[in-house]
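For reference, the structure discussed in these notes is given below.
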Number of protein chains: 2
Amino acid sequence: MRRLDEVRGMATLPDVAQHAGVSTATAARALGGYGSVRESTRQRVLDAAEVLGYRPNVLARSMITGSTQTIGVVISDIENPFFRRSLRGITDTARSRGFEVLLANTDEELEKERSAVSLLAARRVDGMVVCPADAGDRKHLREVIASGTPIVLLDRRVSGLAADTVGIDNRKAARLATERLLSLGHERIAIVTGGTPEIRERLVRPDMRGVERLSATTVGSRAAGYRDALTAAGITMRPEYFSANGFRREDAVSEVHLLMDLPQPPTAILAFDSIQSLGALQCFRERSIRCPEHVSLLGFDDAEWADLVSPPLTVVTQPMYEIGVAACERLLDRIGGEQRSPVHDRLPTVFVERSSIGPPTHG
Amino acid sequence: MRRLDEVRGMATLPDVAQHAGVSTATAARALGGYGSVRESTRQRVLDAAEVLGYRPNVLARSMITGSTQTIGVVISDIENPFFRRSLRGITDTARSRGFEVLLANTDEELEKERSAVSLLAARRVDGMVVCPADAGDRKHLREVIASGTPIVLLDRRVSGLAADTVGIDNRKAARLATERLLSLGHERIAIVTGGTPEIRERLVRPDMRGVERLSATTVGSRAAGYRDALTAAGITMRPEYFSANGFRREDAVSEVHLLMDLPQPPTAILAFDSIQSLGALQCFRERSIRCPEHVSLLGFDDAEWADLVSPPLTVVTQPMYEIGVAACERLLDRIGGEQRSPVHDRLPTVFVERSSIGPPTHG
DNA sequence: ATGAAAGCGCTAACAT
DNA sequence: ATGTTAGCGCTTTCAT
């Protein structure tokens, strides 16, 4: 009775139409719920569809309508607490609005980002949420936007790109965190940024020229906030307290070791994300350094384990899930045709004081 | 010069063909790298594509070839360490083989699983990796498989389903873990399963009937392994030591509170996943229970924080990433046309002893 | 309210 | 080696 159905288990619109004794156009109208169809006909078509186990071919539909009801998400690493929580916000929101999510990891590598973006574009996603690599050119993003596919930037702002951005005020958050450390009496404060040596280079030169340009990146902004606080307190920034040698946990571990090996090791460390915090904690454990007695640790992002490590970590919290939600909503609005010029949402951060910071021990 | 390009930024094959002065077929061949094309023509086409910023429409291609080069992943929660690590294994593998990943969360809700699977099927994914909800019917999975789309089961085995499975030997792993606790002298061992009350009901009845059927689920298998060890040691399982009231951290926290409120609280707890471990740890902290002095804790899955919480957690490790890789490879093989009957991969677990377990304190 | 027919952008025979 | 010609399954005018 139904040929195609037997081949690949798929009945098509013509099959349904024939079974219901109507034209494909009518069947499509009945199924798609548009146009006008007499109730009795409608029912007949629906029944036929039911009987045949008909499932519309979304691909064919997309080809015509031009919409795939799919968004692409390009992030550096799903395993990073910030991204995975945000991703959950994105997927939940997308889902509730009838969109699917295509996922791609970049591991902070520009090349992977490029190919991911290009592949997603080829898949005709209706839009993308991307957390752009901290440096490098943005031609690929620009092209996508130019071709009419909206992009919303997550976490990181890119100057000169016609894209909405959702994140926090990184500079301010870092300044506040640093100030808290300062108020405790710390003067030797190091930052473990998880950034790349290149970024570091531009940030540590005497005049700090280029900080403004770099404030387009998270690391740059936070480093700038750190500098703001130090400067205001009349403290000179020491290049050796500026660590930026990779975003992985192992990178952080070795960087903190280096820090603690310094003739004048820092009395406090500000970690720029939860992976870096974990690395610092691991280093402390390896050296039997007591925290906060020997050194204070303040981190970004309230990971699920932050209150259960020892000592419980004091953190600057970003509303990770909400950032994802907001980013997705912005994107969906754009996809829906919203026109206004790019907006940059800055969600509020919260300072959660636990016990990993305390007054410095000078020795 | 290029009409379509101006409308939606998209040049089509005919555009490229015309620009290169060849037929669409030739252009397609040159671009697709199949058939035979003279080198000079090839170059001309490629150049034209470059100039026009041509991007093949994957949808149109998929409609014909019937392959979308996309796999769907249906898991309960990306935020669970096990799933996110596995997901990374899946995406990395898929990527390297030219497949994209469509993601869906189910939160262990059968209804969400059904709709996710159905949506992915409608998107014509070439296959799916799914971690099925612990209970309920599997008609939706069966239908997908019947329609010719292969499914590989992650973590959980479902009897009577023609699908490959990749996971560990849960029963054995749980038995070994329990035996370790037993060898330390514990007799009052509780399990925090993260399962549902329904599953628990079936497992705690005196005769334990139904355990076999339930061994199709992770919780069921692990509970069975726990029972195996207890039985072999001549210890009667106490229903009150069997906790199953939700998979979330909060659930675990309150369950462990309940456990510790018992007239005879357990001297050791076996947590069935890292979220449950986190919950137990949190409860301990809330009650100032010292671990392992007051109670031992042994968990499944070596989350990134496991060695940094206090006390460092003793765990049974699953090769999470590798499980994802294996699942994806199996799936890709099936998609590639492999026929053999369903295989059930069981990857090896490793016992990592840290300091959260010790001899019981009888009091 | 319904049908006929023209595509969407591409691939795949089948010719040449 | 290249071109011609059907479609894939659906939506969408334009008739009727």
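Order of the sequence lines fixes the chain letters, A, B, ..., with proteins taken first and strands second; residue numbering starts at 1 for each chain.
In this structure, the side chain of A:Asp126 engages the main chain of A:Gln69 through a donor-acceptor pair within 3.5 Å. Remark: side-chain polar atoms of A:Asn80 are paired, donor with acceptor, to backbone N or O of A:Phe82 under 3.5 angstrom.
Note: CE (A:Met63) to C1' (C:dG7) measures 9 Å, nearest angstrom. Atoms CG (B:Leu13) and P (C:dC8) sit 13 Å apart, rounded to a whole Å. Between A:Leu59 atom CG and C:dT11 atom C1' there is a gap of 15 Å when expressed in whole angstrom units. Going from atom CD of B:Gln18 over to atom P of C:dG9 covers 14 Å, rounded to whole Å. If you measure from atom CZ of A:Arg61 to atom C1' of C:dG7, you get 17 Å, rounded to the nearest angstrom. D:dC10 atom C1' lies 16 Å from atom CZ of A:Arg55, rounded to whole Å. C:dC8 atom P lies 14 Å from atom CZ of A:Arg124, rounded to whole Å.
Environment of CD in B:Glu39: crowded, with over 12 heavy atoms of neighbouring residues, nucleotides or ligands closer than 6.0 Å.
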Identify the pairs formed between an N or O of the protein and an N or O of nucleotides 2-5 of chain C at a distance under 3.5 Å, and give each distance.
unit_1 : atom_1 : unit_2  : atom_2 : d
C:dT2  : OP1    : A:Arg38 : NH2    : 3.3
C:dT2  : OP1    : A:Thr41 : OG1    : 2.7
C:dT2  : OP2    : A:Arg38 : N      : 2.7
C:dT2  : OP2    : A:Thr41 : OG1    : 3.3
C:dG3  : OP2    : A:Ser23 : N      : 2.8
C:dG3  : OP2    : A:Ser23 : OG     : 3.1
C:dG3  : OP2    : A:Thr26 : OG1    : 2.7
C:dG3  : N7     : A:Arg29 : NH2    : 2.8
C:dG3  : O6     : A:Arg29 : NH1    : 3.4
C:dG3  : O6     : A:Arg29 : NH2    : 3.4

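Annotation: the terminal axes of the helix from C:dA1-D:dT16 to C:dT16-D:dA1 meet at 30°, where each axis is the rotation carrying the C1' atoms of four end pairs onto the next four (5 pairs per end, rounded to 10°).
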task: Test B:Ser96 against B:Thr93 for side-chain hydrogen bond (donor to acceptor under 3.5 Å, both in side chains), laying out the working first.
output: CA-CA 5 Å; B:Ser96 74; B:Thr93 309; 5.6 Å; no
message: Evaluate A:Arg123 against B:Thr70 for side-chain hydrogen bond (donor to acceptor under 3.5 Å, both in side chains), listing each step before the verdict.
response: CA-CA 10 Å; A:Arg123 303 249 152 169; B:Thr70 305; 2.4 Å; yes
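Listed pair B:Tyr54 / C:dC10 meets the phosphate criterion, a side-chain N or O lying under 4.0 Å from OP1 or OP2.
In the set D:dG9, C:dC10, D:dT12, C:dC10 carries the atom at the smallest distance from any side-chain atom of B:Ile64.
Put simply, the side chain of A:Ile78 does not reach to within 4.5 Å of the side chain of A:Phe83, judged on heavy atoms. B:Val74 is not listed as a side-chain neighbour of B:Cys131, based on a closest heavy-atom distance of 4.5 Å or more.
Here the straight-line distance linking atom OG1 of B:Thr41 with atom CZ of B:Arg29 works out to 10.5 Å at 0.5 Å rounding. Atom CG of A:Asp155 is separated from atom OG1 of A:Thr218 by 3.5 Å, given to the nearest 0.5 angstrom.
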